[in-house]
Amino acid sequence: MKKIESIIRPHKLEELQTSLQEAGFNGLTVSEVRGYGRQKGHKEIYRGSEYNLQFVPKVKVEVVCASDSCEMAIDIILKVCKTGEIGDGKIFIYQIDDAIRIRTGESGKDAL
Amino acid sequence: MKKIESIIRPHKLEELQTSLQEAGFNGLTVSEVRGYGRQKGHKEIYRGSEYNLQFVPKVKVEVVCASDSCEMAIDIILKVCKTGEIGDGKIFIYQIDDAIRIRTGESGKDAL
Amino acid sequence: MKKIESIIRPHKLEELQTSLQEAGFNGLTVSEVRGYGRQKGHKEIYRGSEYNLQFVPKVKVEVVCASDSCEMAIDIILKVCKTGEIGDGKIFIYQIDDAIRIRTGESGKDAL
Amino acid sequence: MENQVTLDITNNLFTINNLWMMLATALVFIMHLGFATLEAGLTQSKNTINILFKNSVIPAIGLLTYTIVGFNLMYPGESFAGAFFGFAGFGVSATPDDVTNAYNIGYTYWTDFLFQGMFAATAATIVSGAVAERIKLPSFLIFATIFVGLVYPIVGMWKWGGGFLDTLGFYDFAGSSLVHSVGGWGALVGVIFLGPRLGKYAKGKITPIPGHNIPLAVIGVFLLWLGWFGFNGGSVLSADPALVSLVFVTTSLAASAGAIGAMTASWGFLKKPDLTMTLNGILAGLVGITAGADLMSPTESIIIGFIAGVIVVFAVVLFDKIKVDDPVGAISVHLVCGIFGTLAVGIWGDKAGLGQLWNQLIGVVSIGLFVVAATSAIWFGLKKTMGIRVSEEEEYEGLDIGEHAMESYPDFEKVS
Amino acid sequence: MENQVTLDITNNLFTINNLWMMLATALVFIMHLGFATLEAGLTQSKNTINILFKNSVIPAIGLLTYTIVGFNLMYPGESFAGAFFGFAGFGVSATPDDVTNAYNIGYTYWTDFLFQGMFAATAATIVSGAVAERIKLPSFLIFATIFVGLVYPIVGMWKWGGGFLDTLGFYDFAGSSLVHSVGGWGALVGVIFLGPRLGKYAKGKITPIPGHNIPLAVIGVFLLWLGWFGFNGGSVLSADPALVSLVFVTTSLAASAGAIGAMTASWGFLKKPDLTMTLNGILAGLVGITAGADLMSPTESIIIGFIAGVIVVFAVVLFDKIKVDDPVGAISVHLVCGIFGTLAVGIWGDKAGLGQLWNQLIGVVSIGLFVVAATSAIWFGLKKTMGIRVSEEEEYEGLDIGEHAMESYPDFEKVS
Amino acid sequence: MENQVTLDITNNLFTINNLWMMLATALVFIMHLGFATLEAGLTQSKNTINILFKNSVIPAIGLLTYTIVGFNLMYPGESFAGAFFGFAGFGVSATPDDVTNAYNIGYTYWTDFLFQGMFAATAATIVSGAVAERIKLPSFLIFATIFVGLVYPIVGMWKWGGGFLDTLGFYDFAGSSLVHSVGGWGALVGVIFLGPRLGKYAKGKITPIPGHNIPLAVIGVFLLWLGWFGFNGGSVLSADPALVSLVFVTTSLAASAGAIGAMTASWGFLKKPDLTMTLNGILAGLVGITAGADLMSPTESIIIGFIAGVIVVFAVVLFDKIKVDDPVGAISVHLVCGIFGTLAVGIWGDKAGLGQLWNQLIGVVSIGLFVVAATSAIWFGLKKTMGIRVSEEEEYEGLDIGEHAMESYPDFEKVS
Ligand SMILES: Nc1ncnc2c1ncn2[C@@H]1O[C@H](COP(=O)(O)OP(=O)(O)O)[C@@H](O)[C@H]1O
Ligand SMILES: Nc1ncnc2c1ncn2[C@@H]1O[C@H](COP(=O)(O)OP(=O)(O)O)[C@@H](O)[C@H]1O
Ligand SMILES: Nc1ncnc2c1ncn2[C@@H]1O[C@H](COP(=O)(O)OP(=O)(O)O)[C@@H](O)[C@H]1O
């Protein structure tokens, strides 16, 4: 079982969720984050003083899936979230020991 | 050492924290997330147009603990957060390489 | 490849980001969290009733880096974020399977 | 010629007075925004749409029911002097004389109607805050309609409409009892019928449920203070310089002393200077002075305001102790300080005296009995028929989703 | 002596009237804050600085252009009676007589100028909301300057400046057409030139883009209602007790009925009581009554308000259907209900009649034609030269960063 | 009979005038909400409770100290004409004559007191913003009490109380110096005693600390502009149509030009149209016109407003350069533009001339010296005894937790 954590542009979220859902990924968890990377953020100006707002608003999408469907999820993410401009984001892949559905106590693949 | 990450219903947070604390889990980290799963979110209506608000507010609770107390934490989470209704959430379990306490530089179990 | 996840005091974020950047860590992701630990939060008072606000505002900083530069990142975090007072936070280290840059599809070290 | 001069002079005075009364109407109107933001600020963000919805339609409901029956229930005319009940027929309309000083030297018929109509709606708004975060929207709207359409004007008639309390010598200048206690009793009964919010008194301890946006609450309290210039100042019913300016002073000093009283009490007894208590203290001072705003000296208004400010702090704590869950402190502010203010007329100021105190007490008790009975009947009826409380699940999720399928701060999922 | 008495009496009346007109000016001023918060509340947080910036400089632009040309375009004097266009020269200045009742029994020259100037700026504000979240700041500022400096006063002159519509018998008491429709047409044309926001009508369906802060929107609507007391009440142009108090009543009842109308329509047809629709309903009622606020009975004003409240709900839905993307509903409120209100003068109230209805129709059409033509020319010119729409990237990121390099709620990165 | 007529006419005028003065009082009152929201908006969310608390009790403190000593220090009566100091005894009370036009044709004793009392509190509010986010609450409250209770009225007496500056020929219509500079000097001295916020000037560069809620700041500025109609318009001390309407015009045009001036300066020199600067520009225009609002033509008021708007932008930048950390720009707006506005009376308008300019300069300098000396003494005393600055840890965590044990937007942990 793996967790695919992607940091994406916020306005891609809706499309990504729909695409994943259509492909049969029936669960995901989303959070608001700020990222710093090659995309350097903006020079913001406040009352005459410039400052670098290093952090760009991003959305983190976490999908836990069986190891074998992992590839497919990644493909979808790459397809939907790629604009080709700096700042498209990253995908990080982790190994997961186990998943449990709180409602039923099921674990492993059945919990997803 | 393991990290137990649970996605739960927001109103269960307080009780969960108290229960974990009583059981000797002295640290945890919480964040606001939105989830999508079997629980499908609401039809929201804005100015005459319906839309599916796919995402339901959830709370993510992360507890890092020694591998042997892991089971206990999971039991507590299951007990406290289970209502039996769709949307109770998930528990994901990860392996962790190491934990360090910034204040002292201690690492491993001592850092928790 | 590893992910270094640190829970730090919010006001240390800017300095940490600058220090990491100077040391060549060109990417990180930040999120707002609330923590519970030895630092017990505050007795807050609302309309005459005291309550323990168990959770203290913290910032979570995630840096994914090659396993060999991991040590360096940890040293920087320890140096910058340590005040010696309870509540300085933790560093958790995870193994990561892979990282992919969405923009290019590059993976592994090249994606960072 | 001389007659013409006298007429013109009188007309000028009429125009001035009426201008002030219209402005007072506008000031009372803005109190509705004050209530809306205060109540929204002191409750949770998941119930914000709901509370704002209620406060946005209450003025509409209030003015429309007042048009249809309220005004003529409250001011049925002289033939009902000394009575318990009167009614002058449905709807409002004015004869040509009604818009001249033949109607009244202070205002036209239309001004009269609108000023009183704006007052009426405030009584329902008071209830709205106390029952927030758990009441079903349709039930509340029905309650509010009956409350401002019938209960409020019937009680109002007893004093301002020339009814039996007026004959008796009961005094309530601008409504410590007739408006604030009436609203407060309705709120208390509502809260008892509804029960506390989930989790508030769970496991034998009080778990505070903090308001989600304190700046909104501050906006609300300042707007209420502003509106009170019209509420009390307009109750002079003319622009009389001596009286209106005195009322402005007593009102402001009582509000100021209320702030200091609540600050002192919360800092002293509850350990920290609690902003929400201080805000309640301002309102407490305002409610406290309302019954006698034209009777008090500056010093007396400071005393009344200060005591009201202290009272409100202990009242809030006390109601929590006895598990009466009032998210915004409406009962403490409007009921408790409304009663205090009414009695204060017998203790301080130009009318002070045991006889007056006795009259005030009769007023307090008779109003209390009637409003408790009437609102119990309404709440009971609603509970038995459509139900008054949302489901447990809806309460956890928030009434914004449950009742309105909307969110007040929905930016998260639309981060795009 | 007798002359002195008459003079003094007249002067007193003049002072009262002028006082009211100045206060009405202040009330119309606060409408700008109402528009600012309403529009900010109903749009996304990433565009908040931008929309607030526009609304903060519009009153400034409005008053300054009105000083330079607007006032003298709109009120060119009697020599242009019945005309389509007139101009009395640049700048404003008053002779000694202009500040006495020799100018007008209702107000001084200065009051006249400022009251009308405050009105002028509201027309541009209406546009601001409709074109929000995608328009380039400099282009909007240029549009607004030309719009309030030239378009608005030219149209205004047709009726209030004694121009041809006035001669014709067209009636528009406080500006259902002259202010609201003018702004509404400008908004409609702007939206058509700009196109919808990205993603709003993507993939053949309507994707709502909810406003980010509904409490702000509520504050806005209540302040607008408050301001409308000055907008309509001040349009009496004196403190006449009979007329101003009637106008207060019709205005408030129409607003109330608008709220109920929109609540009913949204609850009935759209399944849930939509707060933003109810807020639009209040405004719809206000816009609807504005043309005939001095002509209607309470019942008629309730009818007009209720219909306007229902209309606005369906108008919002309809404009969405035809992909006219108006984030705040400005076109539905100000254009559609402005037209309805103008026609209502021919249907209900003291002037009702086919002849009047025909005159109203002529007014609606001629104003519509002119404003559409004029604003099309401006938008076209701007589009061809500096461009009117921000880049796709900027739209996704938000105009706050793109146009202002600022954020409205920047606390995240400064959590320290 | 004739006497009666004259009397009645005079009484009518008195009633009108007094009505306006009471309304002006209400308008000045609402400025306190303006200050509260402006200051809360321009500071960080972790200090919001604290700043709102200060702004909520300042009006209370101001009115109460003004009751006890302030009013009689500021208006000690004719026996102190030309003096530096006078006192007419503790408390306020009115003889029967004091509430008739025997007191003054413009207002009653009570109106006089309340209008002046509302003014007084604004001076302390100005300080509140500049010292925000790091000052200890009890120390600030003590400072504010002494400042409004003693410092402000003593200086006010010099001119408005008939003291030596009045005799000299110094002119300050509504308080560019007497209110705004006094507050501004107090703020400057406070900031110097306190030092900058942690991190603001760390490592040799300026790190902006953005305000957390810009919509709140916009609400604040519009309410201040609204209130200024009462602040300046009320300073006519009657409803005189010619003068009050002129003052309304000059005030509004200066505010408008201030907005454009600051917009231009920030866009031109700082590269982006900065909303917070534009808001400061509106206030700068208002402060700038205040000393001579009754003396200027529209053109002159536009010039003064525009210059003030430009000045404020550079003043903000300059103060940052010299490490005077003023989170809301209070010193730039109130002190710098207050001085500019005072001097402007000698440069433009009916009183322009070298002699007048010299008098204005004497006023500016003497007021500056006294307020700097007095507030230095207070701040020094507080620093030595109870301390004025919160601990470093508290500053990082926020004063809301440290001073009040509350949060302004606490919804996170109560997500339930
Ligand atoms: N080493 C890293 N660790 C964690 N997050 C990272 C790392 N590098 C980049 N990110 C995240 O990915 C986002 C996009 O990265 P960026 O370098 O700006 O663009 P790109 O991926 O197109 O090169 C960043 O804003 C940040 O949130
Ligand atoms: N595959 C997944 N990956 C990540 N998070 C998930 C996944 N499936 C579900 N979740 C999270 O768990 C929450 C609850 O899941 P849901 O399917 O609605 O209910 P249940 O767990 O009772 O079947 C979701 O809202 C989402 O946050
Ligand atoms: N076991 C844990 N699992 C997850 N997060 C933890 C754990 N223990 C502590 N934390 C996080 O680290 C923060 C600091 O820990 P705390 O015990 O207060 O101080 P210190 O690390 O100095 O001993 C907490 O607020 C919490 O966010």
Handout entry: Structural part of D:L279 lying under 4.5 Å from a heavy atom of chain C
Key = neither
Problem - Proximal component of D:S266, with respect to chain C [non-hydrogen, under 4.5 Å] - result: neither
Problem - Most chain C-contacting option - heavy-atom pairs closer than 4.5 Å, from D:D274, D:V317, D:V313 - result: D:D274
Exercise for the section: Please answer whether the main-chain N or O of D:G211 pairs with a side-chain N or O of C:Y46 as donor and acceptor at a distance below 3.5 Å. Expected result: yes
Exercise for the section: Heavy atoms only: give me the nearest C:R47-D:V328 pair and the separation to one decimal. Expected result: NH2-O, 3.6 Å
Problem - chain C contact via D:P327 - which portion, at a heavy-atom distance below 4.5 Å - result: backbone
